[in-house]
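No hydrogens, no waters, no symmetry mates; every other heavy atom, side chains included, goes into these values.
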Amino acid sequence: MSEPEQQRLPLRTGRGVVTLLAVLPLVLAGFVIGYGVGSGDRLGPEAPSAWEGGDGTVDHRPLAASFVATEVDEPAPEAPAALPVGNSEDLGIAVTHLQFALDESTVRPDHTAELRLPVAVPPDSEGMIVEVASVHPVDCLCDLTAATAPPYGTVWDVAEIDSSTEEIVFDVTGAINAPGRYGFAVTTPDRNAYFELEGVADGSGPALRTVSVPVPPTDPVPPTAPAPHPGYDPTATATPGESPSDAPSETPSESPTASDSPSESPIASDSPSPSDPPTGPPVDPADAPSSTPAEDPSPVPGLPADPTGPPAQPVAESGQAEDQLSTCITGEKLVPTCGALVGVAPAAHTSLDKEDALLDFERRVEHPQQIYHAYERGTSKLFPTDAQIALTEDPDNPRTLFLNWKPQGATWAEIAAGDPDTDAFLDRIAEHLKADFDKPFFFTVHHEPENDVVQKKGSGMEAADYAAMYRHVIERLRDAGVDNVVSVMNYMGYLKWVQKPWHEDLYPGDDVVDWIGLSGYGQSLHDDGRSDFGEIVDQTRGEIAWPGFYHWIAKEHGDKPMMLAEWGVFHESEYPGHQAAVFQAARYQMAHYPRLKAIVYFETPKDSNGGRNSEVHLDDDTLKAFRELMRSPYFDVRLRLD
């Protein structure tokens, strides 16, 4: 963006004003005494023993609070009067960033946590979706811009707000798993909506409320009784009556369950204000917290009230604060702890050697592709092939496979009922995998099934038959001892299908689906070259009652990571700059989609639907834009296959 076009601070946003304020003393105090990334000795497995105390209910005020905006190159103020979220003409895409410090004096291992965000300027629109995700806490928000913002980690909760919302309450219990510093990003996938949270002036505004469960009396303890305080239990759940939450993940990659629907998300009308008496588990009278959040005389709970006195020794960062978010890596089910994977289905609809085409694509775009998407059919050829396996064994360029299998020779209903030929092939695949390929890989069955549904009783190809077939395949592989399959439910994504009454019947079930995938394409002929990346991820149409696939996943399957299992932008000579424009837009529109954890490009010189070309090297500007997209910090993820 050229200097004359660049927006400068201070700025007037959609309906509120974002003003410059002096940095609050609490922010300075927090950084002066050593809350830098990696400061002190790492606690590691000793972290639970540091959480022996805890004062019941505490409202932690932000160590720092600011925002990033795609139309502003320079950092925003660290302590603005308002914190914007959404899309506005002045700011572009705005994301609020918050950081908190927690130590053993204010939080116990058995706890719940809520991020409580008072709304200063509500949205004009109804039913705006808002999400909260973990981000790595940076040394200083004063250096943060949209270009340098840390990539999103786990999405912990989702809420729906409207013009009457006064406060948003997110359940972030799963994010807090050890003493340390925690960063959160507040985002929205709504590309035409905007609102403002209260800033941190005068000690008000955002708060991280933790409710610690007291340790029961320990004297006397019978010799045969269990230890009164066994330490941190990562599977601990909330007591009835507390805010709904999921247990903290035992592994960095597990995603907690977010609210299943907006109606279950805490919003202003049903939520107490920060000053209301907190709800929580029964407590021992000796340990009962105050009916109001415990007052801490220090600027930050757990830090000295007098900044001129001897500096406190902060607890070293652990858990989410450092281990899982300082470097983005894949964990269980190949879910990145932060950021998103990239991949390609190369030379599709051609006779070219696909493995060679993958290597050519990587050289062309100057970025390794961590996911190789390959298509298999029928029951005659075992997969993965030797050539596919070889691609995953390159130590310099770690890759995984996305194997897309379309069974043939039997209907969905017949396969679900145990078609002998299909079952025999699945058993051969299972033995092959156990003997020859033990790395985790993505796998889908009959991708884009919408186009093949025959919703007629007895056809064997009804939507419910697909779900039963998918379940049968995954369960048979699992029962045969295959434990490295990461299952993907891959929807076609065309809006004409979401209107069908059978669309919901396609979903096989959360227990057999690890990721939800979407095939989406930018087609410049349909919209005069104005479609962008957001329309691919979350397409809607005014006359169709469909929230968009990203919205649908957030509302109905909040614990599932999302993948663009296929995406592409078709070249049209009438709009020669369209491909480059979409790739450029994707770099900043990723800010809308924290649960989008993988994008896999579909590269073809001639697709099966009219000969459209999605190659990224048709002109220099398009190739340059795609290379720049690949260099985005969102895609700086280390693929770990051990």
Side-chain angles (χ1 to χ4, degrees), residues 154-158 171 174 234-238 244-261 264 330-336 400 402-405 407 412-419 422-423 426-427 429-430 433-434 438-450 453 462-491 502-518 549-550 552-563 565 595-598:
T154 299
V155 180
W156 296 109
D157 204 358
V158 58
D171 177 7
T235 63
T237 57
S245 66
D246 287 293
S249 171
E250 292 192 57
T251 62
S253 63
E254 291 179 351
S255 297
T257 303
S259 301
D260 287 337
S261 65
E264 296 177 10
T330 54
E332 188 177 352
K333 304 298 184 184
L334 295 172
V335 179
T400 189
F402 182 9
L403 298 180
N404 191 322
W405 177 54
W412 293 336
E414 289 169 341
I415 295 172
D419 173 65
T422 305
D423 280 355
L426 290 172
D427 294 342
I429 288 289
L433 289 170
K434 289 186 292 183
D438 61 357
K439 298 182 179 71
F441 70 98
F442 295 108
F443 177 69
T444 193
V445 188
H446 201 128
H447 80 303
E448 302 177 1
E450 298 98 314
V453 169
E462 296 182 76
D465 294 329
Y466 173 81
M469 180 275 297
Y470 185 107
R471 171 175 291 276
H472 176 81
V473 170
I474 299 301
E475 288 183 340
R476 190 167 187 91
L477 292 174
R478 289 177 179 175
D479 291 345
V482 175
D483 59 5
N484 56 331
V485 165
V486 178
S487 57
V488 181
M489 174 61 198
N490 188 175
Y491 288 93
W502 45 258
H503 187 263
E504 291 187 4
D505 296 336
L506 289 168
Y507 190 68
D510 284 348
D511 58 328
V512 291
V513 172
D514 297 320
W515 288 60
I516 296 179
L518 169 69
F549 263 94
Y550 186 93
W552 177 72
I553 293 171
K555 292 178 180 180
E556 303 297 331
H557 302 285
D559 62 338
K560 300 299 180 186
M562 180 182 179
M563 172 191 293
R595 66 181 69 243
L596 182 59
K597 296 300 183 184

Under the ring-ring contact (aromatic ring centres under 6.0 Å, His included) test, residues paired with His446 that sit two or more places apart: Trp412
Which residues share a side chain to side chain contact (heavy atoms under 4.5 Å, CB included) with Glu462, sequence neighbours left out: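 For Glu462 the side chain to side chain contact (heavy atoms under 4.5 Å, CB included) partners, ignoring immediate neighbours, are Gln455, Lys457, Ser459, Asp465.
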Set of side chain to side chain contact (heavy atoms under 4.5 Å, CB included) partners for Leu596, sequence neighbours left out: Phe533, Val537, Met562, Leu564, Met590, Tyr593, Ile599
Val486/Trp515 under side chain to side chain contact (heavy atoms under 4.5 Å, CB included): CA gap, chis, key distance, verdict: CA-CA 8 Å; Val486 178; Trp515 288 60; 3.5 Å; yes
Donor-acceptor contact below 3.5 Å, side chain Lys560 vs main chain Val513: yes
Heavy-atom donor-acceptor pair, Arg595 side chain to Gly558 backbone, under 3.5 Å: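 Yes.
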Ring center gap for Trp552 and Tyr491 short of 6.0 angstrom: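 Between Trp552 and Tyr491, the centre distance is under 6.0 Å.
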Audit row: Tyr470, Leu506, side chain to side chain contact (heavy atoms under 4.5 Å, CB included) steps and yes/no: CA-CA 9 Å; Tyr470 185 107; Leu506 289 168; over 6 Å; no
Which atom of [X] lies closest to which atom of [Y], heavy atoms considered:
X      : Y      : answer
Ser487 : Val512 : OG-O, 2.8 Å
Ala430 : Ala480 : CB-CB, 3.6 Å
Met489 : Pro449 : CE-CG, 4.2 Å

By side chain to side chain donor-acceptor pair (under 3.5 Å) - contacts of Glu448 (at least two apart):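 Counting only residues at least two positions away or on another chain, Glu448 forms a side chain to side chain donor-acceptor pair (under 3.5 Å) with Ser519.
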Rounded to the nearest 0.5 Å, what separates atom [atom1] in [X] from atom [atom2] in [Y]?
X      : Y      : atom1 : atom2 : value
Asp427 : Leu477 : CG    : CG    : 8.5 Å
Phe549 : Ile516 : CZ    : CD1   : 9.0 Å
Asn484 : Leu433 : CG    : CG    : 5.5 Å

Do any side-chain atoms of residues 438-445 form donor-acceptor pairs under 3.5 angstrom with protein atoms, and if so which ones, sequence neighbours left out?
from   : atom 1 : to     : atom 2 : distance (Å)
Thr444 : OG1    : Val488 : O      : 2.6

Positive for side-chain contact (heavy atoms from CB on, under 4.5 Å) with Val473, one of Met469, Arg476, Glu475: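 It is Met469; the other options fail the test.
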Candidate pair Thr330 and Thr400, rule side chain to side chain contact (heavy atoms under 4.5 Å, CB included), full reasoning: CA-CA 11 Å; Thr330 54; Thr400 189; over 6 Å; no
With His472, the side chain to side chain donor-acceptor pair (under 3.5 Å) member among Asp423, Thr422, Asp419: Asp423
Close side-chain approach of Leu426 to Trp405, heavy-atom, < 4.5 Å: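 The answer is yes, as the side chains (C-beta and beyond) meet within the 4.5 Å cut-off.
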Inter- and intrachain pairs under salt bridge (charged side-chain N to carboxylate O under 4.0 Å, His left out), touching residues 502-518, at least two apart: Lys333-Asp514, Arg471-Asp511
